[in-house]
Amino acid sequence: MAARETTVNVLLVLLLPAVALTALFIGEAFYITLATRIAILALAAVGLNIALGLGGLVSFGHAAFFGLGGYVAGVLATHAFNMEPVALGLPGTTDMPVIWLAAILLCGLVALPIGLVSLRTSGVYFIMITLAFAQMIYYFAISWPAYGGEDGLSLSMRNGFPGLNTARPFPYFIVVFVLLLAGLFLFHRLQASRFGAALEAARQNPARLAATGISPFAIRLVAFVLSAMITGLAGALFADLNRFVSPSMLSWHMSGELIVLIILGGKSRLFGPLAGAALYVLFEYALGGLTERWQLFLGLVLLAVVFFARGGLIGLLAGRPRHG
Amino acid sequence: MAERVLEVKDLEKSFGALKATNGASLDLRPGEIHALIGPNGAGKSTLINQISGALAPDAGSIRFLGTDITMLDTARRARMGLARTFQISSLAQEFSALRNVMLAVQARQGTSLRFFRPVMRDASLTEPAMRMLSRVGLAGRANVPAAALSHGERRQLEIAVALAMEPKAFLLDEPMAGMGPEGSKALTGFLHGLRQEAPILLVEHDMDAVFALADRVSVLVYGRIIATGSVSEIRNDPEVRRAYLGEPA
Ligand SMILES: Nc1ncnc2c1ncn2[C@@H]1O[C@H](COP(=O)(O)OP(=O)(O)O)[C@@H](O)[C@H]1O
Ligand SMILES: [Mg+2]
């Protein structure tokens, strides 16, 4: 069974570059963009999966971090373009690694107080309070005209990565795909580590964890912050993919979409987010062209997963999870 | 005055109108097994929960190793060396027996903020955990998920987890419950030696075990300790016989 999951995982990983390469050779850039979109959403969901899958923390506010990451990319690029300092004399930048670092740090900084408050609650209250924080940031973005308010912010060109022409779809796909692999590797090591053990125990039985001498609150807080950082990085990539960032990236629809990806793919499974994102984007692409109500069909699939395939797509393909 | 590992003073706890703990005081001395007995619903588990930190008392104080721990949370108390087992087994159900014990080993080492090294390939976790499983006779079941263990095995696993914490005191809430006569006998033998490692506050219904093991016995009735003494003192205490042992005065 473990071997089967490995096979499924390897096939899933190869799927995206296979699609992107094929598209490159037949000259259909659109499919490269589609694969890039899948990889970015998967990375965002890998981040959320640390909190949701491993920690059992159903954050309904991760769009806040996805959107913040997006705005970091947009705002820094805009300032660089206008040659105006962002704040405190610090210049803007169009350098992706710097933008990523800024997005990761900012999301961590914002997640810390949000986590400190919301992790005092659990269950439905946690869901509602994370949603409330995200909505606050959403309305803040809408009502702040300096960065486009409701209309959002366009990037005049995609930000750069040293040595690559990121304006072309394939090099940018490679950048995104490598970051997705790094995110998956991080998740994998995290799950197997001491921290992962404590986090999964906090999900299974917090009273037991506390009784052994590990504070579930502290463990969850660290998980929440790490989770936000990765989702924020994905947000920065998403802004660069679309060369556009708007409050919709911060909206509760986005938070819901990330949760849906994970449930579709398989909760707390390493490749669940990737499987979920692939399925989601394919649905959007295949049915979105036929009917505006494609989300209705998505809803039906989601119901089927919840009722008949708790392990999601990965569970369906690879069987039950292994545990040491 | 003998030194005290644990000192509970005038503890009170109400659930609505019910006074589950009503001015209870007791202590635990080095090397002893102090049994806490009393009828169902007397408030024994509620008392253990307040000592471990799972419940906050309404009034009173708890001192452990000379420190007032009344305001500390469960994890802090556990790190200080207070290990409890639960009356109803409470484990990480999806984890194997081994991983449940490993969790206590890493808690003891204070190394939960390590993010990279896989625990299953870390001998500094697996080896001590395996030793603890062997001590309680579960070595052969190391890789079985806690959820798939038998009731008795889960009770043993609770003890192994407590051992792995290398505690300064044990709080055991009915460890024999549902173990069967064989299991109870084995566990009685094990606890007999365990008091040398750390004193034990033992809540137990099995009177054979209590009378065989206890250095001192306290009797809890309606949240109040009505008597504390040696086994023979308690057996012959008329109030205890009336209130608990069910004999006419
Ligand atoms: N969390 C709780 N809320 C309300 N009542 C409780 C709670 N826990 C215990 N009780 C009540 O307190 C009393 C003492 O319970 P408990 O400490 O479990 O007794 P024992 O362990 O001696 O059998 C019982 O009447 C029980 O119903
Ligand atoms: Mg009880």
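Convention: sequence-line order gives letters A, B, ...; per-chain numbering from 1. Predicted, not measured: the structure shown is a model, and the values here were computed from it.
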Where does I219(A) contact chain B at under 4.5 Å (heavy atoms): side chain, backbone, both or neither? side chain
Contact part of S52(B) toward chain A, heavy-atom cut-off under 4.5 Å: side chain, backbone, both or neither? neither
Chain A interface, residue from L113(B), L125(B), L82(B) that has the most non-hydrogen pairs under 4.5 Å: L125(B)
Under a 4.5 Å heavy-atom cut-off, does chain A meet the side chain of V161(B), its backbone, both or neither? side chain
Could you tell me which of P167(B), P145(B), A162(B), S90(B) has the largest number of non-hydrogen atom pairs under 4.5 Å with chain A? S90(B)
Would a distance-only check, ignoring hydrogens and angles, find a side-chain to backbone donor-acceptor pair under 3.5 Å from R117(B) to D122(B)? no
Would R114(B) and F116(B) count as a cation-pi pair here, with the cationic atom under 6.0 angstrom from the ring centre and within 45° of the axis? no
Pick from A75(B), A78(B), A107(B), A54(B): which one has the most heavy-atom pairs with chain A under 4.5 Å? A75(B)
Worked verdict on E204(B) versus K44(B) for salt bridge (Lys or Arg N to Asp or Glu O under 4.0 Å): CA-CA 9 Å; E204(B) 193 44 70; K44(B) 303 181 296 293; over 6 Å; no
Check whether H34(B) reaches the backbone of R29(B) with its side chain - one donor and one acceptor, N or O, closer than 3.5 Å. no
Report yes or no: is the cationic atom of R189(A) (NZ for Lys, CZ for Arg) under 6.0 Å from the centre of the six-membered ring of F115(B), at an angle within 45° of the ring normal? no
F187(A) portion near chain B, given a 4.5 angstrom heavy-atom threshold: neither
Would you confirm whether D58(B), through its side chain, and S14(B), through its main-chain N or O, come within 3.5 Å as a donor-acceptor pair? yes
